[in-house]
Number of protein chains: 2
Amino acid sequence: METAIQEAVTELKALLKEDQISENPTVLERHSHDESYHTPVPPDAVVFPGNTDEVSKIMQIADSHHVPVTPFGLGSSLEGHVVPVEHGISIDFSLMDKVLETKEKDFLVKVQPGVTRTQLNKELKKYGLFFPVDPGADATIGGMAATNASGTLSVRYGIMRENVRDMEVVLADGTVIHSGSLAAKSSSGYHLNGLFVGSEGTLGCFTELTLKVYGIPEQITAARASFSSVDEAVEAVTAVLQAGVPVARIEIVDEASMKQVNNYSELNYQEVPTLFMEFHGNEAGLQQDVDFTEEILGDFGCLDLQFETETKARNQLWEARHNLAYAYVHGHPGRKLMVTDVCLPITEMAGAIHHAREALENLGLPGGITGHVGDGNYHVLLMIDMDRKEEVEKAQELNSRIVEYALSRGGTCTGEHGVGIGKRKYQLKEHGDALKVMDKIKQALDPKGLLNPSKLSYKEEEAVQ
Amino acid sequence: METAIQEAVTELKALLKEDQISENPTVLERHSHDESYHTPVPPDAVVFPGNTDEVSKIMQIADSHHVPVTPFGLGSSLEGHVVPVEHGISIDFSLMDKVLETKEKDFLVKVQPGVTRTQLNKELKKYGLFFPVDPGADATIGGMAATNASGTLSVRYGIMRENVRDMEVVLADGTVIHSGSLAAKSSSGYHLNGLFVGSEGTLGCFTELTLKVYGIPEQITAARASFSSVDEAVEAVTAVLQAGVPVARIEIVDEASMKQVNNYSELNYQEVPTLFMEFHGNEAGLQQDVDFTEEILGDFGCLDLQFETETKARNQLWEARHNLAYAYVHGHPGRKLMVTDVCLPITEMAGAIHHAREALENLGLPGGITGHVGDGNYHVLLMIDMDRKEEVEKAQELNSRIVEYALSRGGTCTGEHGVGIGKRKYQLKEHGDALKVMDKIKQALDPKGLLNPSKLSYKEEEAVQ
């Protein structure tokens, strides 16, 4: 192995410019972890390709020397996806950060994988367009495709998988393919787009992505609704959705998390369970939606309802929600973030959140609950002291209880963060024999097992039964 | 081979009741073709399983004797999907035709594969719900999933792949898996749902499907707009979409097809290029959408615009559109239907339809043009006399020209009908090296090549370069 990586690095140095490859300890450390609690592992070297051809040649070199390859966007993942568990080469896409082409009349944009979400939206704004997938973090588009990210707006605009129309993908042996086309739909061949989105770097590297974009709505109204209990808030959401109101965002933030929001963003929101909502539409339709929602929320014990239509006030409201994870991290120096991520049918939400709150209390863990309640996806945010074994074990126990609850009710162990390292042990329980199909696909496309090894697929010895 | 199939049939007769297996020539003929021009081939036997366990055992028997298996819904496919090209066993799902469970508060319904679209919607109506994927034909849900069907409402509600949440799938060796969960989204493992939807019976048989359903909108308005040219009509559509109006359907029917509609449905619509539209929403919003659309259509030379809000009048309007293919078949006894099915970026639509019309005239073929213009998907309908070699060749030439045009502009050879037999020769040109990935997946999941053989994947010797 030692020799293999040294030989590969020598060939990579011949291929790339001096500043496109690094073995500097600081650079290796930066690529050893993401934003999660998972144990860091440094790669042997980091490469910074500038184009598809270089990525293809890097993959060929790695393939010929049997060296593991781990793609790296910005390291904002939450389940250890970018940790190069078996060392080898990390491919950092930060030099491939161009918005290549905006086809505004076709509602399409082509980007390189290193483009970030806010960078893309800044460019799209020139055309009156926006890209709606918004996981909170200012992640790269390549990373968002790798984990099948979603976030606050997905209840209305869909998840990453539904908004990627085509990708240029470099396979394990360096072959370059396209996974889709520019057509809005296709029944031609197997759905490779859907397969590669969410594949977490285990089937190939993305070098170009064509995304579906949307016109900025004529009118946007945001709202913040306070409740005396999480149950009431969740029941109100369920009623709004069942009434067919096309909400663009509908998020829950519990009491504990509202405290963090206030502290971090210097705000004075009431520290009670709160719904953050947004409505998009034409003026007349939106007003009818807002009025109807107000009526429903009232029926479910809403204590206070504030609307914001001005851009600045809306942005402040959403910044507070978006900064929640950072608020936790900021408020707990020296600790590491663990976030649960189950997703369930909407009728199971109230019970699931109730169960999670009970589990937190039983285990004596402090933690906040927040979630994309319109999709049935919620998170418990925990700040863990990794040096305290008992605390780590309690956090793992909490995660397990929450996952078990979700799986027993038709849900999934991860709604949007992905499997990475942290959810591998639940894969067998969630997928059963379908996991064998996934393993066969992995084996067929990456027979040497070099692409982001020890991720996504399950570890038999650790599997939860 | 003879012996293999005889042995398999003997085992199947021991497994199934007498009326669940047939070698009757009339039954074999019924399963030898779909609604298209492709050459019929009868299976050796047809089985009618009643449950998942029987399907699994049928697959095990077929696997052990190396006998091909072709799933059959109602035979309404348009590219020869159900033709058992290599003979063997056809599995007819007509006994598995139950709507198993409606979870109305979760907007989910679980069905068996033999349930038809209208049967499902009749059941859902009891709950104020509907399933929006509407390919025109009253196909089975299993068949619609197999071809990744879409149709008139997909511009608003998405295609089959986006509305299937979970499937029970029987694999080549009889293993039963689930491809998804009941959660609205998931980042857990590879996206098997997306892979199996559109796999045309080449990767497994579907035995249960959980679908996303929608509340029947508060208000529905239909409209019919006449234009003096197809170009003007398509430009009007593009403008409506670019203005961000959330149309639920927007269909084009050209002059020749309007004649067929009038003849078949005994109507007196003006025989000029016509847009059929539908708007769904709340009362206030919908009125604003309708007013805005009227304004835009006027700017693009709309000759006449008629709105219908009454259910009966709306249904008559859509029945006329839906019956179009039958109108052609009915109007040309003894001939066979060939339908082109390309899909392109919306800005390429006007050029593509113009090119298709020119190609029809150059080749001296009569044919109507219609399409789901909001998705960039249009069809040329041709009635061919299969006994006239020159006519068949001309029709093939037309199809080729239309596909070439679409592929050269970022489109796909099939927007919704699927590959089947008719689009295999375009697979290499459309997908390039991505086809090798598809072949590897097929090889991994069906190593003996028994599931609907000679479909979907390309024939090297026939491939269009």
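A note on names: the letters A, B, ... follow the listed sequences, proteins ahead of strands, and every chain is numbered from 1.
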Heavy-atom donor-acceptor pair, A:N163 side chain to A:Y157 backbone, under 3.5 Å: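 Indeed, once roles are kept as given, a pair shorter than 3.5 Å links the two residues.
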Might you confirm whether atom CZ of B:F292 has over 12 heavy atoms from other residues, nucleotides or ligands at distances under 6.0 Å?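 Check fails, neighbour count at 12 or below.
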Pick from [options]: which one has the most heavy-atom pairs with chain A under 4.5 Å?
options	result
B:E162, B:Q287, B:K442, B:Q443	B:K442
B:G415, B:G376, B:A444	B:G415
B:V155, B:L203, B:L241	B:L203
B:A243, B:S179, B:P217, B:A183	B:A183
B:C343, B:A406, B:G215	B:C343

Is the closest side-chain heavy-atom distance between B:E416 and B:H372 below 4.5 Å?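 B:E416 vs B:H372: side chains touch.
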Using non-hydrogen atoms only, which part of A:E200 is less than 4.5 Å away from chain B: side chain, backbone, both, or neither?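 For A:E200, the contact with chain B is made by the side chain alone.
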Can you see which heavy atom on A:S150 is nearest to which on B:K185, and at what distance? OG-NZ, 2.8 Å
Would you sort out whether A:S154 and A:M160 count as a side chain to side chain contact (heavy atoms under 4.5 Å, CB included), showing the intermediate values? CA-CA 8 Å; A:S154 292; A:M160 201 65 189; over 6 Å; no
Given A:E283, A:K436, A:H417, the one with more heavy-atom pairs under 4.5 angstrom with chain B than any other is A:E283
